[in-house]
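Computed from a prediction, not measured in an experiment: that's the story for all the values here. Numbering of ligands and ligand atoms starts at 1, following listing order. Throughout, residue positions are numbered sequentially from 1 according to the sequence presented.
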Amino acid sequence: MWKVQRKKIKQSKEENEREVLILEKQIQELKHKDPQTLTRFNKFPISKNTLRAMKVCKFIHPTLVQQLVLPHALQGVDVVVDAKTGSGKTLAFVIPMVEALYRACWCRSWGLAAIIVAPTRELAYQVHEVVKRIIQFHKFTSALIIGGKDLAAEYHHIGGFNILVCTPGRLHQHVEQSPNFNVSTLKLFVIDEADLCLSMGFADMMNTILRELPRERQTMLFSATQTRNINTLIKSGCTKPVFCSTDEYAPAATPSKLKQSYSICEAHDKIAYIFSFLKYYKKKKVLVFLSTCKQVKFLSAVLSSLKHGRKVLDMHGCMKQHLRMKIYNLFQSEKNCVMIATDIASRGLDFSGVEWVVSLDCPENVTTYIHRVGRTARYFGEGEALLLLTQRESDAMIAQLCQHRVPLQHLEVESGMLSRLDSRVEDVLLKKPEVLAMAQRAFKAYLKNLHYMKNKDVFDAESIDRDRLARSYGLVTTPQVKFVECLIKEEEQQQFAQVYKTYGGAAEESAVDDLTNNNNSGLDGTSNASHNGSYDADSDDEEGQDESDGSKSNDQTKENVLENTSSLARAYYKNDSVKRAAIIAKECPYKERFEELFVTVSELSGALAEPPKDYSKYLLKVKKKPGDDDSQTDHQTCQESSSCLTLSGVKAIVERYRKQNKLSHKRKLKERRWETTRKRQEKKGGKKHEKADKTAGSDEDDSDGELDPFTQQIIDELPDPDEIRRRKGRENEQQQDGSSDEFFNTSGGYVEGDNSGVHIKRKMDKRKREPSNREEDKFCKRLHVEDSDGAESCSSDGGSDQDYGSDSDRARGSSLHGLSLQQQEDLALKLLMGTS
Ligand SMILES: Nc1ncnc2c1ncn2[C@@H]1O[C@H](COP(=O)(O)OP(=O)(O)OP(=O)(O)O)[C@@H](O)[C@H]1O
């Protein structure tokens with residue numbers, strides 16, 4: 001029995017060897033053949049086992065890209081392939097890979113032979129499915145290595161597989177960390193959707209991976225849209241590659257049987273549009289693309305609630321992996337269902353039978369568009385694609401699409417044909433509070449995404465009628481949009497850094513600039529994240545956690561602040577004092593920055609013992625207790641700094657400053673009223689205006705009589721009351737909203753959400769003109785000068801100074817240049833008011 005078996009094995013081995021020899025010979029002859037004549041797979045030098053598997057899968061005739069690529073890839077040369085969506089690129093790399101292993105008589109025990117990298121988990125899963133089908137009659141082993149799975153289990157088993165299909169992040173993790181992962185045996189390395197593997201921030205990872213791989217290997221790069229940055233990958237990863245492109249054979253960049261059209265539809269009509277569309281095409285399988293996860297969540301919730309007679313699925317990067325796979329399989333199997341997705345579903349996914357692809361939001365660029373519409377009309381199939389563009393987006397986007405050989409037709413839809421939905425959506429929001437929250441988030445996410453889009457010829461957040469958009473989302477009030485405030489913050493940070501420069505001196509300026517640049521790159525990073533974030537592959541929610549609304553707004557903002565603060569604390573440990581100061585200036589919310597500036601300034605002048613340490617602790621404590629209220633935080637701060645004036649004292653001063661501001665505001669309001677009355681009287685002529693003058697004057701006297709001369713003096717020099725009015729207005733609005741935002745309350749930033757529909761730009765311009773706490777900055781500067789003149793400015797008794805305004809505190813308080821705390825405060829107050 002054993003003998004018979006051994007004999008059989010020996011025979012099959014000999015047969016294989018013979019077959020391999022024949023295949024090698026045929027491959028040599030392949031060079032001289034015209035690829036166009038290879039119309040069936042069995043005309044290629046492919047092993048029997050592979051052909052058998054392909055027959056089972058009904059892969060009989062090669063597609064154009066397969067005809068072009070296989071002759072080169074089977075010879076073992078590197079290839080760079082650029083072919084349309086749905087043209088069959090997967091088989092074009094899986095077949096040569098399996099054949100190379102077969103010809104090398106690769107055994108299971110020999111370890112890793114081939115790696116395929118795909119940018120998203122779903123795509124990796126899909127490619128792995130194809131690999132499994134093709135190797136079913138071979139003896140190779142394969143594994144899917146993607147995020148969201150048990151890493152520890154993978155560590156132990158990864159070394160035992162011959163073929164791995166991975167996402168870049170996970171592969172990188174194994175290359176860096178896994179002790180059992182030996183890549184020295186690798187023969188083939190394939191990157192699917194190579195351009196995306198680089199553009200999603202994986203470039204560094206890919207370079208690290210490539211450095212680890214053996215030089216003697218075959219590399220294949222595939223994509224439907226190759227961008228320029230792939231050139232670096234070609235240079236670093238390939239040796240003398242053969243370029244295969246199906247472009248020259250095709251008049252259009254998209255599948256030939258794909259009908260494409262576009263419609264003009266403003267943002268506020270989109271929900272009505274898609275609802276009407278889905279009602280009209282009741283029995284079609286439709287894939288709808290939106291830019292952000294939050295929009296996807298909201299729209300699928302609304303469409304499910306509005307009931308139009310079929311299942312609505314959603315897919316986006318915020319989902320747990322198992323759910324994503326479940327949805328993927330469900331959409332594969334369902335016949336006439338709708339899936340709302342972000343661009344996570346736009347790359348490579350091979351959903352069967354999709355009849356319509358609707359880009360409800362304009363894609364980020366032509367590449368994204370091509371991949372989106374490529375989900376239909378796959379492998380000689382038919383399909384239709386509809387692109388919705390706002391009037392603002394239309395001209396530039398259509399021009400760009402035409403330039404890239406995308407044939408589009410205009411589809412006219414009368415607005416009267418759209419179902420009026422606003423009130424129905426409102427009802428949904430009324431019944432389901434969770435959908436209300438979704439609507440608010442989706443609203444912000446949409447605008448934010450528009451704002452961060454690089455292609456400014458096409459995208460313009462200012463062109464959106466936000467009030468109407470909010471109504472169409474069923475929202476009664478237009479939510480505040482934080483990205484505008486972010487810009488304000490950025491601007492303030494710049495101003496603040498400027499103030500810091502004055503403190504730091506010329507030597508420190510470079511450090512500040514470094515940090516400014518770093519910070520800017522961080523902001524760019526954010527914008528990129530958001531921008532690329534519309535592609536939310538693998539793990540990411542493009543809006544991150546930085547948006548919120550309604551009652552959650554305050555908590556969320558606090559969390560964000562704390563999040564920033566912890567990263568700040570981390571950076572803080574790493575940097576020297578100058579950089580720390582700049583980090584504070586750049587990163588902290590205004591309120592904290594104002595306080596911390598004093599610590600920093602003191603630190604720089606050598607006035608405090610070790611404030612940086614204290615500050616770090618303070619930050620970490622704040623991070624530890626996100627639920628803590630302000631007073632607790634203040635308490636900690638004071639304890640940590642163990643200095644009365646530096647933090648708490650300044651707070652008291654600021655408090656007084658604000659009170660003065662209010663009084664000044666009141667006074668100036670009266671002045672203005674008096675001025676208007678006077679002018680009116682003047683117009684009427686006669687003596688009346690003198691009367692009015694007197695009346696108003698006495699009125700003013702009444703109120704001002706309450707002020708002491710010192711206050712009166714400083715009031716004259718206080719900043720523009722308009723700024724204070726705006727602050728107050730904002731506070732009121734936030735109270736009305738039931739939310740507040742620390743940053744807004746303290747930064748003097750401009751408030752949106754006044755439902756006026758005024759465009760963002762105008763508001764921003766207005767904001768730029770505001771003095772923006774310059775007086776406070778001036779104050780910091782002056783106090784520093786005063787402080788650095790003196791010797792030891794602070795003393796401590798280690799006691800708590802939570803009630804910094806109390807007498808006992810004053811008694812305990814430290815002195816600045818021998819002055820009592822009260823005197824210091826008065827001095828500071830004077831400086832704050834600009835009266836030194
Ligand atoms: N030779 C073939 N015969 C029959 N069907 C094929 C053949 N080649 C590919 N297909 C089928 O065509 C569809 C598209 O193939 P594939 O997913 O490889 O396309 P792609 O070029 O990778 O697309 P994308 O760029 O969107 O990722 C798949 O369903 C696949 O099974």
Whether K270 side chain and L360 backbone form a donor-acceptor pair below 3.5 Å | yes
Pick, from G348, P255, A224, the option with the minimum heavy-atom distance to atom 27 (O) of ligand 1.
-> G348
List the closest protein heavy-atom neighbour of atom 9 (C) of ligand 1: residue, atom name, distance to the nearest 0.1 Å.
-> G88 CA, 3.6 Å
So which heavy atom in the protein is nearest atom 23 (O) of ligand 1, and how far is it from that ligand atom?
-> G86 N, 2.8 Å
Which atoms from ligand 1 have a heavy atom of S87 less than 4.0 Å away?
-> 19 (O), 20 (P), 21 (O)
F41, F222, Y379: member with heavy atom nearest to atom 3 (N) of ligand 1 = Y379
For ligand 1, which atoms have a heavy atom of E193 less than 4.0 angstrom away?
-> 25 (O), 27 (O)
Side-chain donor/acceptor of K84 to backbone N/O of T254, under 3.5 Å = yes
Which ligand 1 atoms does R375 reach within 4.0 Å, using its non-hydrogen atoms?
-> 26 (O)
H61 neighbourhood, listing ligand 1 atoms whose heavy-atom distance to it stays under 4.0 Å = 1 (N), 2 (C), 3 (N)
Protein contact of atom 8 (N) of ligand 1 - nearest heavy atom, named by residue and atom, plus distance | Q66 NE2, 2.9 Å
In a check of side-chain hydrogen bond (donor to acceptor under 3.5 Å, both in side chains) between T50 and each of K55, Q136, E99, which one passes?
-> E99
Picking from K25, E24, E19, Q26, what satisfies side-chain contact (heavy atoms from CB on, under 4.5 Å) with I22?
-> Q26
Selection from I370, T90, D350 by shortest heavy-atom distance to atom 29 (O) of ligand 1 = D350
Per-atom contacts of ligand 1 with K84, taking only distances under 4.0 Å to non-hydrogen atoms | 21 (O)
In terms of residue, atom name and distance, what is the protein heavy atom nearest to atom 17 (O) of ligand 1?
-> R378 NH2, 2.9 Å
Which value, rounded to the nearest 0.5 Å, describes the distance between Y328 atom OH and E122 atom CD?
-> 8.0 Å
What is the distance from atom CG of D192 to atom CD1 of I116, rounded to the nearest 0.5 Å?
-> 8.5 Å
When every non-hydrogen atom of A377 is compared with those of G383, the smallest separation belongs to CB-N, 3.7 Å
Which residue supplies the protein heavy atom nearest to atom 21 (O) of ligand 1, what is that atom called, and how far is it?
-> K89 NZ, 2.8 Å
Plane angle bin for F351 and F331 - parallel if under 30°, tilted between 30 and 60°, otherwise perpendicular | perpendicular
List in chain and number order the residues that pass side-chain hydrogen bond (donor to acceptor under 3.5 Å, both in side chains) with S256, two or more places apart in sequence or in another chain; answer none if no residue qualifies.
-> none
